[in-house]
Each structure stands twice: as structure tokens, then as C-alpha cells.
There are 2 protein chains.
Amino acid sequence: MAEETALPRAERRRRTEARILDAARSLFADMGYERATIRAVAKSAGVDPALVMQYFGSKQELFQRAVEVTPAPGGGSGGGQVRGPDPGGAQAAVEEAVEEAVEGLLETLPMKLGELSQSRLAMLRSMLTHPEAAVSARRALGEQIDRVAETLPGEDARLRAALMTLVLLGVTVGHQLLELDELRDVPEDEIARLLRPSLRALTGQDPR
Amino acid sequence: MAEETALPRAERRRRTEARILDAARSLFADMGYERATIRAVAKSAGVDPALVMQYFGSKQELFQRAVEVTPAPGGGSGGGQVRGPDPGGAQAAVEEAVEEAVEGLLETLPMKLGELSQSRLAMLRSMLTHPEAAVSARRALGEQIDRVAETLPGEDARLRAALMTLVLLGVTVGHQLLELDELRDVPEDEIARLLRPSLRALTGQDPR
DNA sequence: GTCTATACGAAGATAGAC
DNA sequence: GTCTATCTTCGTATAGAC
């Protein structure tokens with residue numbers, strides 16, 4: 001009877017919201033924006049459909065909230081962003097930067113398998129059919145392209161960076177979303193191993 | 001008043017069907033299965049929605065008909081399928097076969113830009129969110145993987161072939177479906193030129 | 001045979017009861 | 001504050017008029 005109830009209402013609300021978001025992420029990732037209904041999300045989260053609307057206003061806002069990337073959990077990859085304009089411009093330095101870019105890109109592979117990046121899968125799943133998801137996808141891909149392009153020399157750095165990013169996108173789509181038999185049960189590092197020379201070739205460095 | 005009317009009813013029907021299929025292809029390619037409604041298809045084709053149902057039975061069947069590939073128009077690429085087991089097993093022969101496979105794969109790029117392959121775009125657009133489209137996509141990708149894998153040596157031929165196919169898928173998705181700025185107005189052969197070494201690297205041939 | 005009218009179901013969103 | 005009940009819209013499919 002003290003001021004300490006079993007669960008503060010704010011905390012209770014927070015947890016319910018989290019449950020709904022988890023359910024939404026899962027359903028959006030599994031079947032895309034259109035087929036994932038508010039009703040199904042609510043049922044999966046064990047709440048009333050109207051509550052979902054109450055909390056998030058609309059299906060679109062729920063999607064946005066479910067899809068926005070959660071700030072990396074553990075250490076954080078660091079991924080691309082290595083340096084600005086390289087001081088000496090020595091070929092070796094460029095080589096090294098490019099190498100880092102490739103490795104950073106390859107690291108995104110296992111990340112995309114991780115459970116917590118289900119939000120990313122949700123976005124990818126809907127990017128071809130839901131306009132808002134397409135906007136998010138273009139933004140996310142654009143950022144990755146920017147990071148990679150910074151490390152590449154030459155006129156067509158952005159084009160090459162885009163192709164490198166799309167290589168990863170294609171593999172991710174085939175693996176995670178289409179679930180092609182050929183990639184079933186293939187360990188991530190095996191895929192990364194095969195992809196590495198291919199990505200290096202796209203950098204334009206290391207011609208032979 | 002002879003038996004020759006302006007248009008034989010069969011011919012008229014054929015044309016109406018073709019108009020509907022064209023409209024359906026276009027809408028499916030633009031917005032995917034879910035958002036492309038029967039009503040919209042009918043309006044675009046200038047017919048009544050019920051007529052669409054009359055002709056095709058259901059939306060799903062309409063989709064199947066619209067998506068099924070039309071037998072190549074002009075010469076036909078020939079694409080992959082080059083030979084069976086190579087006679088001598090000489091390294092040079094393998095090299096040549098691999099080269100052909102890469103070129104055949106790259107030729108699918110411009111094909112995917114062509115107007116008549118809008119059916120392919122329709123399938124790709126919906127493959128992540130519509131189960132039946134996913135089935136079609138897996139089948140189509142599987143066939144391409146088969147063709148490429150035949151020309152590759154080694155244990156992991158199918159895996160490599162799958163990755164090569166997915167590279168093209170990623171680029172196609174980014175280019176045609178997401179319409180990334182970075183690939184806007186980039187000529188096909190420029191993309192092919194940059195991709196070629198990358199695909200070669202995936203063959204496992206020509207290590208250095 | 002071709003199209004109008006409509007039935008049926010489901011989904012998103014809202015208002016009011018508890 | 002939470003949920004029941006309802007409203008509106010829309011898409012698929014069907015039945016009946018021309």
C-alpha cells in the first residue's frame with residue numbers, strides 16, 4: 001500500500017510498447033508492410049488492436065518506430081568511417097583504407113543475421129513495395145555508400161561504392177529474405193570469404 | 001453483313017486480354033502485388049473490373065499470367081547454357097567456359113532494362129512480400145544459378161553461382177526498383193564493365 | 001458475351017463504455 | 001486508461017441486367 005506499486009504505470013506502459021514493437025518488427029520482417037496487419041501485431045503482442053493505434057497513432061508510424069535502428073547493443077562495429085582526406089596520399093595508405101572498407105562492409109553481413117537487427121530485415125522486406133520503406137532503404141543504403149565512397153579513390157568512387165553496397169544487398173536478400181537453398185546452412189564467414197575478392201575487385205584497387 | 005465483321009470476336013477478345021495483361025504488368029511492376037488492385041488494372045486497361053475477373057479468374061492468376069516470361073522477341077540471348085561435361089578438362093577450356101558464363105550473366109543486365117521484360121520487374125518487385133512471387137523468383141534464380149554452376153569447376157560451384165546471380169540481383173534491384181541516384185543515368189555497359197572483374201573473382205578462376 | 005450492381009470480408013481508424 | 005463496438009473504406013468475387 002506504500003507508494004511503491006508492483007509496477008509503475010510508466011514502466012508498465014514502456015514494456016507494453018516494447019512488446020508491441022517487437023511483435024511489429026517480427027511481423028513486418030516476415031511478411032512486409034501490407035500483409036502485416038495491426039490486428040495481427042496486437043494479437044501477437046497480447047494486446048487490443050485499439051491499443052496499438054492509441055500508442056502509435058497509425059500503422060505507418062508504428063512501422064517507422066519498429067524500423068528505426070536500435071543503437072548498437074554491445075561494442076559497436078564502427079564499420080566504415082575511417083579517415084578524412086588521407087595526409088600523404090601514398091598508395092599504401094589508400095590500399096589500407098580500401099581494405100578496411102571492404103572488411104567493414106563484410107562485417108555488415110553477420111550483423112544482418114543478428115536477431116536485434118530484425119528492424120533492418122523489416123525495412124528490407126518492404127522496401128520494394130512500401131514507399132516509406134523505400135525512402136528508409138535509400139537513406140540507409142546512401143549512408144553506407146557514402147562511408148565506402150570516402151575510402152575509394154577515383155572519379156567513379158560513388159558508383160563503385162554503390163555497386164559494392166548492392167552486392168551485399170543482393171546477397172542479403174537472397175540469403176535472409178528469399179532464403180535460397182544454395183545459401184542455406186552456409187556459414188557467414190564462408191560467404192564473406194568468397195565475397196572478399198569480388199568486393200576488392202570492385203574497389204578498382206588491386207587490379208591484378 | 002458478310003461473315004467478316006470488323007473484328008472477329010476472338011480477335012477482339014485477344015486484344016482486350018492483351019491490354020489487361022499490359023496494364024497488369026505495368027502496375028505490378030510499379031507497385032507490387034498488394035497495391036496493384038484489380039480496379040486500378042481495369043481502369044488502366046479501360047475495361048470493367050469484373051471483366052478482369054471473368055477473364056483470369058482471380059488476381060493471383062492474373063499475376064501469374066502477367067509475370068510469365070514472354071518468349072524472347074528478337075534473336076534471343078542464349079545467355080548461359082554452353083556445354084555439358086567438357087571433353088578434355090583442359091584448364092583453358094574451363095577458362096573459356098567461365099568467361100562465357102560471366103558474359104552471359106552480364107547480358108542479363110540490359111535485358112532487365114528492356115521494356116518487354118516488365119514481367120520480370122513485376123516478379124522482382126513482389127518477390128519479397130508476395131509468397132507466390134517469391135516462388136517464381138526462387139525458380140527463376142535457381143535456373144540461372146544452374147546454368148552458371150554448370151560452367152564452374154570445384155566443390156562450391158553452386159554456391160559461387162548463387163552469389164554471382166545475387167550480385168546481379170542486387171544491382172538490378174538498386175537500379176531498376178529502388179532507383180538509386182548513384183546508378184541513375186549510368187549506361188549499362190559502364191556497369192557491366194565495373195562488374196566484370198567482380199564476377200570473375202567470384203568464379204574462383206583467375207585467382208591473381 | 002459484356003458490363004452494372006452488389007455482396008462479402010477485412011483492414012485501418014474512431015468514439016464511447018467500463 | 002483500457003477495451004468494446006462501430007464506421008468507413010476498399011478489394012475481391014459473384015449474380016444478374018442488357
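Counting only distance, with no hydrogens or angles, the side chain of Ser44(A) and the backbone of Ala40(A) share no donor-acceptor pair below 3.5 Å. The main-chain N or O of Arg12(B) is found under 3.5 Å from a side-chain atom of Thr16(B) such that the two form a donor-acceptor pair. In this structure, the side chain of Arg138(B) engages the main chain of Leu178(A) through a donor-acceptor pair within 3.5 Å. The backbone N or O of Ala66(B) sits less than 3.5 Å from a side-chain atom of Arg25(B), completing a donor-acceptor pair. Although no hydrogens or angles enter the test, the distance criterion places no donor-acceptor pair under 3.5 Å between the side chain of Ser26(B) and the main chain of Ala23(B). Put simply, the side chain of Thr165(B) never gets that close to the backbone of Leu141(B): no donor and acceptor are under 3.5 Å apart.
Counting all heavy atoms, side chain and backbone alike, Ser58(A) lies closest to Met53(A) at CA-CE, 3.9 Å. For the pair Ile145(A) and Ala161(A), the tightest heavy-atom approach, listed with the atom from each and the gap, is O-CB, 3.6 Å.
Note on residues 45-57 of chain A: no pairs pass side chain to side chain donor-acceptor pair (under 3.5 Å), not counting sequence neighbours.
When DNA chain C is scanned 5' to 3' for any atom under 4.0 Å from a heavy atom of chain B, the first and last hits are dT2(C) to dT4(C).
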Please tabulate, for side-chain N and O atoms in residues 129-137 of chain B, each donor-acceptor pair with protein atoms closer than 3.5 Å (sequence neighbours left out).
{"unit_1": "His130(B)", "atom_1": "ND1", "unit_2": "Arg35(A)", "atom_2": "NH1", "d": "3.3"}
{"unit_1": "His130(B)", "atom_1": "NE2", "unit_2": "Gln60(B)", "atom_2": "OE1", "d": "2.8"}
{"unit_1": "Ser136(B)", "atom_1": "OG", "unit_2": "Glu132(B)", "atom_2": "O", "d": "3.3"}

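For DNA chain C, the residues of residues 51-60 of chain A within the heavy-atom distance limit of 4.0 Å (strictly under) are Met53(A), Ser58(A), Lys59(A), sorted by number. Annotation: proximity of residues 37-45 of chain A to DNA chain D (heavy atom, distance under 4.0 Å) is found for no residue.
The only option from Arg13(A), Arg14(A), Arg19(A) that meets the side-chain hydrogen bond (donor to acceptor under 3.5 Å, both in side chains) definition with Glu17(A) turns out to be Arg13(A).
Side-chain contact check for Leu105(A) versus Gln144(A): some heavy-atom pair is nearer than 4.5 Å.
End-to-end axis angle of the helix from dG1(C)-dC18(D) to dC18(C)-dG1(D), using five pairs per end and rounding to 10°, comes to 20°.
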